[in-house]
**Q** 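Below is the structure I would like to discuss, written out as structure tokens.
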2 protein chains.
Amino acid sequence: MSLVETDDAEASETISLHQRILSDIREKILSGAWPPGHRIPFEHELTDEYNCSRMTVNKALSQLAKAGLIERRRRSGSFVRQPQSQAAVLELHDIRIEVEALGLPYRYERLERVKRRGNAEDRTLLGLSAPGPVLSLEGLHFAGERPFALEQRLINLSAVAEAGDEEFVEIAAGPWLIGRVPWSEAEHRIRAMAADENTADALDIDPGAPCLVVERRTWSAEHPVTHVRFIYPAESHTLVARFTPSQG
Amino acid sequence: MSLVETDDAEASETISLHQRILSDIREKILSGAWPPGHRIPFEHELTDEYNCSRMTVNKALSQLAKAGLIERRRRSGSFVRQPQSQAAVLELHDIRIEVEALGLPYRYERLERVKRRGNAEDRTLLGLSAPGPVLSLEGLHFAGERPFALEQRLINLSAVAEAGDEEFVEIAAGPWLIGRVPWSEAEHRIRAMAADENTADALDIDPGAPCLVVERRTWSAEHPVTHVRFIYPAESHTLVARFTPSQG
DNA sequence: CGTTTCAATATGTATATACATAATCGCCAT
DNA sequence: ATGGCGATTATGTATATACATATTGAAACG
């Protein structure tokens, strides 16, 4: 592999030329040295600068373009783009992980489990057009002795038939579904809500207390799989989302 | 450009071979035809299947690997990965856009503007180590006649000196900052909160009513730029985040 | 003067080739 | 058996080359 030794005497890392070009340009843009609208050197100029072939430069620039940092125009060149609509990446971990990250013991407890033919509300939540069997689950996630989150879930049994045979007494359906369902799409809705009687009771908070609600609908191969609603007491949880322009 | 005609008699699109390989494999994975753990054909096999060079196949597979859909192992081949921790992309638009998308007239009204030497709280919020001048702003975003969101913002004047000369009476600082600051990083925190006296008063809701709070800290070239807190009455706003496995 | 045409140019896609690297398998010697 | 060693193999990176395509600027033309 043709690698490059950085001139740093102390820590001479070996990174690929591709990576070097990429991070060089990225740095110029993020530092503001090349402001939005600035024309990036032509491929043939970078070819000279880095003493490499055009393909290598092209690959790096294409990647930056795909990441949205630059815009490429035939015959004109490549230009630093105007910073775009803030899009942030929200990592939604398994609740067990989140709780354990707090250094607290995790426990799950099922409250309710009902198998039924999906009613109108079920079908709306799942996004099902035709009626079919669904599994409705309610459970509590604990951090230590305190309720951490209330989970209300619907599973489309037409899509995941085996789920109908599971009891989900001590394991939540989330981890169970992972690994049983292939790559899927998801839509999340995040909002605030006042705790109703049921919720307040389950979470051991006052009725009307503010809660953070995260709802997730999941599809696999175009078929609805599950709808889940997590309700967190306001104090217990903050979502964190990061935006970093195209790490690559 | 070497393009490929799809065999579809009706709508013969011309897409690049690269794109075709990419979407073919993507489809196989998302449909579950190639479940997690499945070994993808070797590059030389795909080379045969698509009758193209290894470079073309390699580029496509590398892209899928970068997107996290597959994992590549030297000497062993490429494998479909286990679906990862759900990471969703959260689009955070300008509030004006959001309001206008609702078909309501938008208006911004400044409530307060204070220039001061950053106190301890300011510095914590901004992530500033040294003291320095800051601009503190409070304003209301209206959708029609109803308050839509309360904005509380700090701007690090050491990073954006010109902001000190702006009044921000009728335009919010957000749109003003875009275009004046180069590409930046951001961290968002999302939580629920009960409205305090001030907030309830400004938003014309009951004290204690649930609110959705979005806080954003922004850095440009490692320097803190601004900290902003948006407070939405629970009814007025839902954040939507999507996860789609690697559109490319 | 406006319009059309054409050549120049930067990027887009693909090929064939080459060698590096990491991981694995099987062989061999202990 | 077992531990090490080298050959094999699939991927990783890079090159030189070729031609396609979109766009621009200038020349040619009416």
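Numbered from 1 within each chain, the chains take letters A, B, ... in sequence-line order. No hydrogens, no waters, no symmetry mates; every other heavy atom, side chains included, goes into these values.
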**Q** Can you tell me how far C1' of C/dT21 sits from CD1 of A/Ile15, to the nearest Å?
**A** 17 Å

**Q** For B/Glu187, give me all partners under side-chain hydrogen bond (donor to acceptor under 3.5 Å, both in side chains), at least two apart in sequence or on another chain.
**A** A/Arg242, B/Arg189

**Q** Identify, with sequence neighbours excluded, every residue that meets side-chain hydrogen bond (donor to acceptor under 3.5 Å, both in side chains) alongside B/Glu100.
**A** B/Arg96

**Q** Within less than 4.0 Å of OP1 or OP2 of D/dT11, is there a side-chain N or O belonging to B/Arg73?
**A** no

**Q** Does anything in residues 52-61 of chain A come within less than 4.0 Å of DNA chain D? Heavy atoms only, and list the residues if so.
**A** A/Cys52, A/Ser53, A/Arg54, A/Met55, A/Thr56

**Q** Grab the two heavy atoms, one from B/Tyr106 and one from B/Ala172, that are nearest each other, plus how far apart they are.
**A** OH-CB, 4.5 Å

**Q** Do the side chain of A/Arg74 and the base of D/dT21 come within less than 3.5 angstrom through a donor-acceptor pair of N or O atoms?
**A** yes

**Q** With ring-ring contact (aromatic ring centres under 6.0 Å, His included) as the rule and sequence neighbours excluded, what pairs involving residues 71-91 of chain B come up?
**A** none

**Q** Rounded to the nearest 0.5 Å, how far does NE2 of A/His18 lie from CE of A/Met55?
**A** 10.5 Å

**Q** Would B/Glu166 and B/Arg180 pass as an ion pair if we require N to O under 4.0 Å?
**A** no

**Q** Would you kindly give the NE2-to-C1' distance between B/His18 and C/dT15, to the nearest whole Å?
**A** 15 Å

**Q** Closest heavy-atom contact between B/Ala173 and B/Ile155?
**A** CB-CD1, 4.1 Å

**Q** So does A/Glu170 have more than 12 non-hydrogen atoms from other groups sitting under 6.0 Å from CD?
**A** no

**Q** From C-beta outward on B/Leu17, which listed nucleotide comes closest to its side chain: C/dG12, C/dT15, D/dT13?
**A** C/dT15

**Q** CD of A/Gln19 versus P of D/dG12: gap in Å, rounded?
**A** 13 Å

**Q** Identify, with sequence neighbours excluded, every residue that meets side-chain hydrogen bond (donor to acceptor under 3.5 Å, both in side chains) alongside A/Arg75.
**A** none

**Q** Write down the distance between CZ (B/Arg72) and P (D/dT9), rounded to a whole number of angstrom.
**A** 18 Å

**Q** From CG of B/Asn51 over to P of C/dA14, roughly how many Å is that when rounded to an integer?
**A** 13 Å

**Q** Using a cut-off of strictly less than 4.0 Å between a heavy atom of the residue and any atom of DNA chain C, enumerate the qualifying residues of residues 41-50 of chain B by number.
**A** none

**Q** Has the side chain of B/Arg75 got a donor or acceptor that lies under 3.5 Å from a partner of the other kind on the base of C/dT24?
**A** yes

**Q** Can you tell me the distance, in whole Å, between the NZ atom of B/Lys66 and the P atom of D/dG12?
**A** 13 Å

**Q** How close or far is atom C1' of D/dG12 from atom CD1 of B/Ile70, stated in whole angstroms?
**A** 13 Å

**Q** Can you tell me the distance, in whole Å, between the CD atom of B/Glu71 and the P atom of D/dA10?
**A** 17 Å

